[in-house]
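Input: a single structure, listed below in structure tokens.
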Amino acid sequence: MNERHVAHERDAASDGDNRFENDERHYDFAAIQDKWLPVWDELKPFRSGDPADKRPRKYVLDMFPYPSGDLHMGHAEAYALGDVIARYWRQQGFNVLHPIGWDSFGLPAENAAIKRGIDPREWTYDNIEQQRTSMRRYAASFDWDRVLHTSDPEYYKWNQWLFLKMYEKGLAYRKDSWVNWDPVDQTVLANEQVLPDGTSERSGALVVKKKLTQWYLKITDYADRLLDDLNQLEGSWPSKVLSMQRNWIGRSIGADVDFEVEGRAEKVTVFTTRPDTLHGATFMVVAPDSELAAELVSGAAPDVRTSFQEYLEFVQKSSEIDRMTADRPKTGVFLNRYAINPVNGERLPIWAADYVLADYGHGAVMAVPAHDQRDLDFALAFDLPIRVVVDTNAPVTGAIPVITAEQLESGELPDDIEPLDPKTTGVALAGEGRMINSGSLDGLSKRTAIQRIIERLESEGTGRAAKTYRIRDWLISRQRYWGTPIPIIHGQDGSLIPVPEDQLPVVLPPTEGLDLQPKGQSPLGAAEDWVNVANPLDGTPARRDPDTMDTFVDSSWYFLRFLDPNDDTKAFDPAEAEKWAPVDQYVGGVTHAILHLLYARFITKVLFDLGYVSFTEPFSALLNQGMVLMDGSAMSKSKGNLVRLSEQLDEHGVDAIRLTMAFAGPPEDDIDWADVSPAASAKFLARAWRIAQDVTSSPDIDWKTGDLSLRRTTHRFLAEIPGLVEAFKFNVVVAKIMELVNVTRKAIDSGPGAADAAVRESAEAIAMALNLFAPYTAEDMWSQLGYPPPVALAQWRKPSPNLLVDDSITAVVQVDGKVRDRLEVSPKISGDELEALARASASVIRSVGDREIVNVIVRAPRIVNIATRSAG
RNA sequence: GCCUCUGUAGCUCAGUGGAAGAGCAAUUCCGUCCUAAGGAAAUGGCCGGGGGUUCGAAUCCCUCCAGGGGCACCA
């Protein structure tokens, strides 16, 4: 607060006789910002597009923002952290591509436009302008020659191109299906955009199901590759994201088994991961909302049809949320039909129950209540038979016996021993064991039995090995205005005609005369001049597809467009992609763990298959930063805990805020703004800055004349910082800089003094390290130290190996594990020498006293431990 | 319920078999015309609990407790 006032007064009276003006020791962040920002604008140190540039390349990418209002604290954190990495690689001699753009299509713009009666373009581009200004002031080291906005026709033209390429390949298709409908935003959503509680990721509304014909991208064709290629990312992506993606794709391996159904010509196929338990199947369950269920009851007696109808209505009334809650009692209805178990000819009653999902597997399961908890719950609820076919108490070869001989002998059985009767315990037997009651499978282990039964089913033609997935195709149609028009024309006969490539882009019509109010159908359908076109094939009247694309299409390939965002002849240049891509380091929030990252991985593989890129994963490494909270919860205006970035920047300065973001903790942890102190950051920066002010030597001074102890500290610092940055331990790096600043301050005030070469050497290291976090302060220090800008391109110094080893080391002498003496010894001392010194130590002799020495452990040069026992 | 990560100074975190650390905050002192800045010093710890391995454990093993995250009727 005070600092802010001081800074402003100073601005106002900058040509007066302000006493701060004469006090060069005063750190004035506002003046420093004002001084260096224009210099950087002039020098453009972060341009990356010079073809003559011989430096090796790195591509460091921050997830691009959505332009909703000005930048907020979350942006400030993300861009501060991404910038540390970009600046680090430049110091290490790399030509770093660090671009920025805007993900500027989407509903917030449209909704804001409706509310204020303006064009979404106006709202969007005004916000972009504001964010751009804020980012420049924030000194993020972006290459400003490569900016893109996805809402520019020059960008979304290539979305349309990509769509058409996928359409040609059969990867974009239309189908009629049950879809997720957001009743607030009045549009359909992809499965990925529905949260686990059944609400919309964007609007928060409870999503309902609607039957509609929509456009899909065939991501399921890539399910195996999307899953298997995650292994390549192990170690360079957060394991949390990898596991979320694995769960989302949800591959299950098992078998399809065909069951005859009495009175039905076609067999019913079920998917199971436990074909080994086929002999334990005692009933079959079909999803009540499946076509199969409807067909199975169609010829049934009226009372069966009635009870099924009632049940179906009950299921459809119960909300998604109800359906999602685990542990709800099992419900269902008998269909009065029977299936025949292909392995033993048994008649299995067929039930409909909502614990079986219509859109997973085949919408039908074989129920093995003894070995599946859900089936068991159902069997117990409806008094259906239960047959154990795996003896889980029988040890399998190589497995640990459940009961040891001693336990049998003493009668002390462990209480966690698995009992054998699921019917009385209510617990299904899911574990390993030996097959029983299973004919030829008896005695086999689970693994062998699965193999054996699949072979048998295949030879008999009643089943086969199978895989199934949780992931569904990506629904990309949206019934809203502010997005990429789908480049398809519908002929009068219902045919689909791709817009010829030379007619791209299909530009959005102006909003004049259009009602953007969401009403369940795309507003574009009402733009008569736009939607009515001549069929490109024969000139007959035709209509454009009125829907727009999911904005996640836009962001699934934008990292390639950055390679030349102004190229109007192609989406991107494969040669440039070869040079820069894939992205070496991607930085963004974990909220995109599935959505954006999965889609971008998918599209990259598509582009690989189409021959446009030579890699199959877009982002070689990923850093997820945490969120910025206030008082333990996410900031929001309605909660009244909103911290305004602009106010923080005015009060503490850009550098202090960036430093605070980096210092608050490990990058992936959340930051609670109530726990951190930007004022302390500012104080530290002032302290660091004064170091440079105090240095009185000149840049050409001979390092070798410097104080040895401080030089050692500085070179250890130079040696350890790169590893810490590459491990993303930015908070530790900041702490190390603080240590070096403290040591250097001491050297100036009560050591070798400000003129010593080691003080200059240390000050330069501090300036270079601060460039990662506090670029304005670093630049000003650099200038004070006698160098021209930009400090951002100064190369990190290599430490001298001979300054990294100490010439003496403190060896600890312990007696029975307690420290009794410390000896200054050479790092090269031998074990025998060290032991002799330890035994000679007066305090050791005193501690040992008359006790007998039984063992001496020597680890030269660090420690000697003398173990004793009482002599008598 | 399953999987996973984390428990070290008041706070945020280093330390992964060999002396318990850093920064920040708090405290005291010095200093300044005032305020803010600045300098110095000292304080602060059953390393979540218990058990084990070891000459030696914050570190390895077992177990319990607490917190975070992910998944959860997916056959």
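Numbered from 1 within each chain, the chains take letters A, B, ... in sequence-line order.
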**Q.** N-O pairing of A:R839 and A:E835 below 4.0 Å
**A.** yes
Q) B:rA22, B:rG15, B:rA25: which one has an atom nearest the side-chain heavy atoms of A:K729? A) B:rG15
Q) Is it true that the side chains of A:R687 and A:N742 contain a donor and an acceptor less than 3.5 Å apart? A) yes
**Q.** Separation of B:rA22 P from A:R716 CZ (nearest whole Å)
**A.** 14 Å
Q) How many Å lie between CG on A:L595 and P on B:rG70, as a whole number? A) 14 Å
Q. Taking atom types as modelled and ignoring hydrogens, do the side chains of A:R246 and A:N231 form a donor-acceptor contact shorter than 3.5 angstrom?
A. yes
Q: Using whole Å, report how far CG of A:L376 lies from C1' of B:rG1.
A: 15 Å
(Q) When the C1' atoms of B:rA75 and B:rU16 are compared, how many Å lie between them, rounded to an integer? (A) 43 Å
Q) Atom CE of A:M244 to atom C1' of B:rG69: distance rounded to whole Å? A) 9 Å
Could you go through nucleotides 9-12 of chain B and list every protein N or O atom that sits under 3.5 Å from one of its N or O atoms, giving the distance for each pair?
from: B:rU12; atom 1: O2'; to: A:A664; atom 2: O; distance (Å): 2.2

(Q) Give me the distance, rounded to whole Å, that separates B:rU28 from B:rA19 when you measure between the P atoms they each carry. (A) 35 Å
Q: Take atom P in B:rG7 and the same atom in B:rG48, then report the distance between them in whole Å.
A: 8 Å
(Q) Between A:T331 and A:Y311, do the side chains contain a donor N or O and an acceptor N or O under 3.5 Å apart? (A) yes
**Q.** P-based separation of B:rC46 from B:rU4 [nearest Å]
**A.** 31 Å
Q) Between the side chains of A:S252 and A:T273, does any donor sit under 3.5 Å from an acceptor? A) no
Enumerate donor-acceptor pairs with a distance under 3.5 Å from any side-chain N or O in residues 722-733 of chain A to protein atoms, sequence neighbours excluded.
from: A:E726; atom 1: OE2; to: A:Y88; atom 2: OH; distance (Å): 2.4

Q) From B:rC73, B:rC71, B:rA75, pick the nucleotide closest to the side chain of A:R470? A) B:rC71
Q | C1' gap between B:rA9 and B:rA72, integer Å | A | 40 Å
Q. Can A:R274 and A:D372 be counted as an ion pair, charged N to O under 4.0 angstrom?
A. no
Q. Side chain to side chain contact (heavy atoms under 4.5 Å, CB included) between A:M781 and A:I766: does it pass, once the steps are laid out?
A. CA-CA 9 Å; A:M781 288 177 71; A:I766 291 166; 3.8 Å; yes
Q. P atom, B:rG21 versus B:rA36: distance in rounded Å?
A. 34 Å
Between the protein and nucleotides 39-42 of chain B, which nitrogen or oxygen pairs come in under 3.5 angstrom?
from: B:rG39; atom 1: OP1; to: A:R687; atom 2: NH1; distance (Å): 2.2
from: B:rG39; atom 1: OP2; to: A:R687; atom 2: NH1; distance (Å): 3.1

Q: For A:V590, enumerate each residue passing the side chain to side chain contact (heavy atoms under 4.5 Å, CB included) test, keeping only those at least two apart in sequence or located in another chain.
A: A:K240, A:V241, A:A593, A:N624
Q | Integer-rounded Å distance: B:rG38 C1' and A:W689 CH2 | A | 13 Å
(Q) If you assign A:S239 and A:G250 each to the RNA chain B nucleotide with the nearest heavy atom, which residue ends up on the more 5' nucleotide? (A) A:S239
(Q) I'd like the P distance from B:rG18 over to B:rG56, given in whole Å. (A) 15 Å
**Q.** Spacing of A:E668 atom CD relative to B:rG68 atom C1', expressed in whole Å
**A.** 13 Å
Q.
For A:R745, is there an ion pair with A:E739 - N to carboxylate O distance below 4.0 angstrom?
A. no
Q: Measure across A:A358 and A:D289 and return the closest heavy-atom pair with its distance rounded to 0.1 Å.
A: CB-OD1, 3.5 Å
(Q) Without decimals, in angstroms, what is the distance between A:F684 CZ and B:rA37 P? (A) 17 Å
Q. When you check the side-chain N and O atoms of A:Q648 and A:W673, is any donor under 3.5 Å from an acceptor?
A. yes
Q: Compute the centroid of each ring, for A:F378 and then for A:F283, and state whether the two points are separated by less than 6.0 Å.
A: yes
Q. Where the side chain of A:R862 is concerned, which of B:rG70, B:rC73, B:rG18 is the nearest nucleotide?
A. B:rG18
Q: Could you please spell out the steps behind the side chain to side chain contact (heavy atoms under 4.5 Å, CB included) verdict for A:V286 and A:L335?
A: CA-CA 10 Å; A:V286 300; A:L335 300 183; 3.9 Å; yes
Q.
What is the separation between atom CZ on A:R822 and atom C1' on B:rG18, rounded to the nearest whole Å?
A. 13 Å
**Q.** Structure string for RNA chain B in dot-bracket form, Watson-Crick and G-U at under 3.5 Å, | interchain
**A.** (((((((..((((....[..))))..((((.......))))......(((((..]....))))))))))))....
**Q.** Footprint string (nucleotides 53-58 of chain B, 5' to 3'): B base within contact, S backbone only, - free, heavy atoms under 4.0 Å
**A.** --BS--
Q) A:I863 side chain: which of B:rG70, B:rG18, B:rG23 is closest? A) B:rG18
Q.
If you compare every side-chain N and O of A:S252 against the phosphate oxygens of B:rA75 (OP1, OP2), does one of them come in below 4.0 Å?
A. yes
Q. Between A:D354 and A:K330, does at least one N-O distance fall below 4.0 Å, as a salt bridge requires?
A. no
(Q) Distance alone, cut at 3.5 Å: any donor-acceptor contact between the side chains of A:Y27 and A:D780? (A) no
Q: Could you give the distance separating B:rA57 and B:rA20 at their P atoms, to the nearest angstrom?
A: 11 Å
